[in-house]
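Below is one structure, written out as structure tokens; comments come after it.
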Number of protein chains: 2
Amino acid sequence: MKHSSSVPAFLTKLWTLVEDADTSELICWSQEGNSFLVLDEQRFAKEILPKFFKHNNMASFIRQLNMYGFRKVMQIDTGMVKQERDGPVEFQHPYFKHGQDDLLENIKRKVSNSRPEDSKLRQEDLTKILATVQSVHSKQESIDARLATLKRENEGLWREISDLRQKHSHQQQLIKKLIQFIVTLVQNNRILNLKRKRPILMNSNGKKPKYIHPVYDDKVCVPPECV
Amino acid sequence: MKHSSSVPAFLTKLWTLVEDADTSELICWSQEGNSFLVLDEQRFAKEILPKFFKHNNMASFIRQLNMYGFRKVMQIDTGMVKQERDGPVEFQHPYFKHGQDDLLENIKRKVSNSRPEDSKLRQEDLTKILATVQSVHSKQESIDARLATLKRENEGLWREISDLRQKHSHQQQLIKKLIQFIVTLVQNNRILNLKRKRPILMNSNGKKPKYIHPVYDDKVCVPPECV
DNA sequence: GGTTCTAGAACC
DNA sequence: GGTTCTAGAACC
């Protein structure tokens, strides 16, 4: 009958109480041995409880039972008129069984759940979540603004590029015309110079002068990577 | 002694119970009349309660008292040894006073707080918050990506503009040189033509030909809004 | 971990 | 709104 020292006092006292034949008229095992009965609540509270605990209140006894996971067994309501004004009170726990005191150590007192901590943690969590949401929200607004700025800048850049390309194209045409004009001019000069033997534009080998060359060189005027 | 119909049955029954001289040995007003005493808890529960309520449990009675805001009055522990094993039970409510039944209507049953709803609402709130956070988060990622794309595009555009401006500048220089060349050419021709009286480049009024005009017209080649 | 007062929750 | 069982919280 020695219980492990890990079994709380309440459980060993309860076990003793239920086992004790001297008090079996007030508290005892049920027929099946898987629950116990308090036969006279009032006498049990006033006569038995103070012998084992620091009080004589049924409420305190029941509070402890619930604290250890005991459940009240509801009395099956037989169709009969309520014969006894106060039926026995019956409590049950899966590890509180007649003849199996080795199971007692499996009964655990419900942790006080560190309720204050728990409550604080939930509050802190909520506070953190709210702070995060607000932070993310303001960040998003800032990014939105930056995005709008970039978008406007981008549009401006596209317009400028379009402009520049157009200008480039116009310049190309102009350069082409200028060169055509020069060619015409030179041809005319050539005709004239046929008599004078004094060429103006052409080199001695008859090719175009060097500084005009880039005009027709696409690699210089319109690099592929920019088209 | 008729109470407003808005006063719950429990309060009128309790008032009657405490007033009734027939039960004054079990329940009565305190000396000061601002609280009531249950002198013998056990007899009160078994003999009086069932006459007024559907039970004979002190616990149920106390639950109702607490539900209506009554508070237990702790017995001042006089230095004496506990004379009576069970002192009287005393309860008090600011609106439950001897001779002032008109105050009863101020006593309100604590609302069941719509606990299931409340619990559900908190859960729903948390779920909503989480959904919002996730939505905002994914949105943020999408915007981040778009921002990066725009930024890259922007850099590309700046490079292209730089290129185009450089090209434009080169073309301008080329055009300038071409025109200088033409001017030189024309001057040479002019000298030659002084003898022939046959101008090639100049119009009859001595101005530059029309199709060259744009070359020096900044409004056409380099619109101010693009510089 | 034990005791007490009060409240939550389910069911009626 | 009433009754019952169980749990929270404070205090010891």
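- Here C:dT3 presents its P atom at 12 Å from CZ of A:R63, a figure rounded to the nearest Å.
- Look at CG on A:L65: it is 13 Å from P on D:dC5, rounded to the nearest Å.
- Summarising the geometry, the separation between CE on A:M74 and C1' on C:dC12 is reported as 12 Å, rounded to the nearest angstrom.
- Of the candidates D:dT6, D:dA7, D:dT3, the closest approach to any side-chain atom of B:S60 belongs to D:dT3.
- Every side chain to side chain donor-acceptor pair (under 3.5 Å) that A:S35 has, sequence neighbours left out, goes to A:S30, A:E90.
- Distances shorter than 4.0 Å separate some side-chain N or O of B:K72 from OP1 or OP2 on C:dC5.
- Between C:dA7, D:dA9, D:dT6, one nucleotide has an atom nearer to the side chain of A:K110 than all others, and that is D:dT6.
- Looking only at distances, no side-chain donor or acceptor of B:H168 sits under 3.5 Å from a matching main-chain atom of A:L164.
- One can place CG of B:L49 at 14 Å from P of D:dG2, the figure rounded to the nearest angstrom.
- Closest approach to the A:F91 side chain among D:dT6, C:dT3, D:dC5 is made by D:dT6 (side chain taken as heavy atoms from C-beta onward).
- As a whole-Å value, the separation of B:Y68 OH from D:dG1 P is 6 Å.
- Closest to the side chain of A:I62, out of D:dT6, D:dT4, C:dT6, is D:dT6.
- At D:dC5, none of the side-chain N or O atoms of A:N66 fall inside 4.0 Å of OP1 or OP2 (strictly under the cut-off).
- The only member of A:W29, A:F10, A:F91 that meets ring pair (Phe, Tyr, Trp, His ring centres under 6.0 Å) when paired with A:F96 is A:W29.
- When distances run from any side-chain atom of A:R71 to the nucleotides D:dT6, D:dG8, D:dG2, the shortest one goes to D:dT6.
- Neither side chain, A:E32 nor A:H98, offers a donor N or O lying under 3.5 Å from an acceptor on the other.
- With distances taken from any side-chain atom of A:R109 to the nucleotides D:dG1, C:dA9, C:dG1, the minimum falls on C:dG1.
- Candidate nucleotides D:dA7, C:dG2, D:dG2 were compared by shortest atom distance to the side chain of A:F10, and C:dG2 ranks first.
- When the side-chain nitrogen and oxygen atoms of A:N57 are compared with OP1 and OP2 of C:dT4, one or more of them lie within a distance under 4.0 Å.
- Residue pairs meeting the ring-ring contact (aromatic ring centres under 6.0 Å, His included) criterion with at least one partner in residues 141-166 of chain A, sequence neighbours excluded, are absent.
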